[in-house]
**Q** 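Structure in structure tokens, see below.
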Amino acid sequence: MRPDHTWHRPMLACAGLMLVMSVASAVGLLVDDRLVAGAPAWLKPFKFAVSFTVYAFSWAWLVSLLRTRRRLVHTISTLVVVVILVEYAVITLQAARGTRSHFNVATPLDKALFSVMGVSITALWTGTLVLTLFLLRTRIDDAANRWGVRFGAVLSLIGLALGGLMVVPTPHQAATLGTDAFDGLIGAHSVGVPDGGPGLPLTGWSTVGGDLRIPHFVGMHALQALPLVVVILVLLSRRYARLRDDAVRGRLVIVAGLAYAGALALVTWQALRGQPLIAPDGLTLTALGGLVVATALGTVRALRPTASVPSSPPAHPVDQEAFSRP
């Protein structure tokens, strides 16, 4: 039976709304010169709008691939959309008020809003976990598609979970909690330095200390990066006959997925050690070198030919005919 081509409409609507909000937030960056924790007030709403846009668009497609428990999958996906909207509403409200949305428990209102965000992000992770489990059980005939989707979904789930590292109280916060010295914040994204210091353009990632937003970002966007690897391999297969072999493409995507997982572990380790992304020490560079060598060796091994190579290029990686019922 031909698979359903319908993408999840609430997710698509959410992606469209977040795209509009990314534009609105960009306008806010231009016309509002207020700073919150050393960054433009509308920078966080802008970054979250862009991130939610690609997240919702990606899952709108992935949900359409799931062949079992369609009603349950649709319900969970719709609840995830509601959670995204709640999370973004709080972020936008706090930006409009000129105060922090994350880690802020300075007033009863701030504490209540941060608690709502905590519940919403937990619900988002749980919903994504359930959808990922359904995705892992879905039969995908094309090996490259199969491994790109599965690695991307699992690493994205890990990236979401890594955000939990940021809500752990810093030593100073733990020591001053309940005293007059408490600054009204629980958690931080920087490690080894206070939040709000020098950062990279646009992302704001710390250039003087570790930053837990980096592994959070890298992990979450495996959901887009690894399927993109599949797209690139399909395009290259038109020129290179070896890549027309489904098994070769599948092995290459496995190598890419393992390399991405290694990179995620590396940037997490680097951030937890209080080290800026742009200033790696010798130990970090050694680990990176080992990862590069292992990836290169894996790539060479993955390119070995199999018994036969198809004479025509493979189907496009998002062609629904590549997916079949479990």
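Computed over heavy atoms, backbone and side chain alike; hydrogens, waters and symmetry mates excluded.
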**Q** State which residues pass side-chain hydrogen bond (donor to acceptor under 3.5 Å, both in side chains) with D32; sequence neighbours excluded, sorted by chain then number.
**A**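 Checked D32 against side-chain hydrogen bond (donor to acceptor under 3.5 Å, both in side chains); matches are R34, W42.
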**Q** Parallel under 30°, tilted from 30 to 60°, perpendicular over 60°: which one fits the rings of F52 and Y88?
**A**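 Answer is perpendicular, since the angle exceeds 60°.
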**Q** Atom OG1 in T268, atom NE2 in H216: separation rounded to 0.5 Å?
**A**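 T268 OG1 to H216 NE2: 11.5 Å, rounded to 0.5 Å.
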**Q** Do R301 and V255 make a side-chain contact, defined as non-hydrogen atoms from C-beta onward lying under 4.5 Å apart?
**A**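 The answer is no, as the side chains (C-beta and beyond) never meet within the 4.5 Å cut-off.
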**Q** First locate atom CG of L277, then atom CD1 of I214, and finally report the distance between them rounded to the nearest 0.5 Å.
**A**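 Between atom CG of L277 and atom CD1 of I214 there are 4.5 Å.
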**Q** Who passes salt bridge (Lys or Arg N to Asp or Glu O under 4.0 Å) against R9, sequence neighbours left out?
**A**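 Scan of R9 (salt bridge (Lys or Arg N to Asp or Glu O under 4.0 Å), adjacent residues dropped) gives none.
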**Q** Quick one: pull up NE2 in H102 and CZ in F114 and give me the separation to the nearest 0.5 Å.
**A**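 Here the rounded value is 7.0 Å.
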**Q** Test of understanding: with side-chain contact (heavy atoms from CB on, under 4.5 Å), list the residues that count as partners of R150, not counting sequence neighbours.
**A**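 Counting only residues at least two positions away or on another chain, R150 forms a side-chain contact (heavy atoms from CB on, under 4.5 Å) with L136, R146.
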**Q** Please round to the nearest 0.5 Å and tell me the distance separating atom CZ of R213 and atom OG of S206.
**A**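 R213 CZ to S206 OG: 8.0 Å, rounded to 0.5 Å.
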**Q** Given a cutoff of under 4.5 Å between side-chain heavy atoms of I, L, V, M, F, W and Y, with clusters grown through shared members, what are the other residues clustered with V31?
**A**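 Reading the cluster by chain and number, V31 sits alongside V27, L30.
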**Q** Within the side chain of Q275, is there an N or O that forms a donor-acceptor pair under 3.5 Å with the backbone of D281?
**A**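 Here the side-chain-to-backbone pair exists.
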**Q** Quick one, I186 with L177, criterion side chain to side chain contact (heavy atoms under 4.5 Å, CB included). Give me CA distance, side-chain angles, the key distance, then yes/no.
**A** CA-CA 9 Å; I186 294 290; L177 188 64; 4.0 Å; yes
**Q** How about V130 and L133: do any of their side-chain heavy atoms sit closer than 4.5 Å?
**A**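 Contact flag for V130/L133 side chains = no.
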**Q** Go through R249 and V230 one step at a time and tell me if the side chain to side chain contact (heavy atoms under 4.5 Å, CB included) criterion holds.
**A** CA-CA 8 Å; R249 294 195 315 278; V230 180; over 6 Å; no
**Q** Flag the pair D211 / F217 as yes when at least one side-chain heavy-atom distance between them is below 4.5 Å, and no otherwise.
**A**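 In short, these two side chains do not touch, never coming nearer than 4.5 Å.
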**Q** Looking at F134, I'd like to know if its CZ atom is crowded, meaning that more than 12 non-hydrogen atoms belonging to other residues, nucleotides or ligands lie closer than 6.0 Å.
**A**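 Enclosed: over 12 neighbouring heavy atoms sit under 6.0 Å from CZ of F134.
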**Q** Would you compute the distance between atom NE2 of H8 and atom CZ of R70 and round it to the nearest 0.5 angstrom?
**A**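 One gets 9.0 Å once the value is rounded to the nearest 0.5 Å.
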**Q** Taking S237 for the side chain and V234 for the main chain, is one N or O donor matched with an acceptor at less than 3.5 Å?
**A**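 The answer is yes, because a donor-acceptor pair under 3.5 Å joins these two groups.
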**Q** Without placing hydrogens or testing angles, list every side-chain donor-acceptor pair under 3.5 Å for residues 191-202, not counting sequence neighbours.
**A**
unit_1: D195; atom_1: OD1; unit_2: H189; atom_2: N; d: 3.4
unit_1: D195; atom_1: OD1; unit_2: H189; atom_2: ND1; d: 3.4
unit_1: D195; atom_1: OD1; unit_2: S190; atom_2: N; d: 2.9
unit_1: D195; atom_1: OD1; unit_2: S190; atom_2: OG; d: 3.0
unit_1: D195; atom_1: OD2; unit_2: R100; atom_2: NH2; d: 3.3
unit_1: D195; atom_1: OD2; unit_2: H189; atom_2: N; d: 3.3

**Q** Quick check on R97: does its CZ atom have over 12 non-hydrogen neighbours (other residues, nucleotides or ligands) under 6.0 Å away?
**A**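 Enclosed.
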**Q** So do the side chains of I84 and Y55 get within less than 4.5 Å of each other, counting heavy atoms only?
**A**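 Sidechains of Y55 and I84: in contact.
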**Q** Quiz question: by atom type and distance under 3.5 Å, do the side chains of D110 and Q94 form a donor-acceptor pair?
**A**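 Indeed, the side chains of D110 and Q94 share at least one donor-acceptor pair under 3.5 Å.
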**Q** For the pair V149 and L135, evaluate side chain to side chain contact (heavy atoms under 4.5 Å, CB included) and give the outcome as yes or no after the intermediate values.
**A** CA-CA 8 Å; V149 165; L135 190 62; 3.2 Å; yes
**Q** Checking T126 now: which residues fulfil side-chain contact (heavy atoms from CB on, under 4.5 Å) with it, not counting sequence neighbours?
**A**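 T126 satisfies side-chain contact (heavy atoms from CB on, under 4.5 Å) with T122 only.
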**Q** Please report the interatomic distance CG(L226) to CH2(W147), rounded to the nearest 0.5 Å.
**A**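 Answer for the CG-CH2 pair, L226 versus W147, is 12.5 Å.
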**Q** Would you please test W59 and T128 for side chain to side chain contact (heavy atoms under 4.5 Å, CB included) and show each step?
**A** CA-CA 9 Å; W59 272 108; T128 304; 4.0 Å; yes
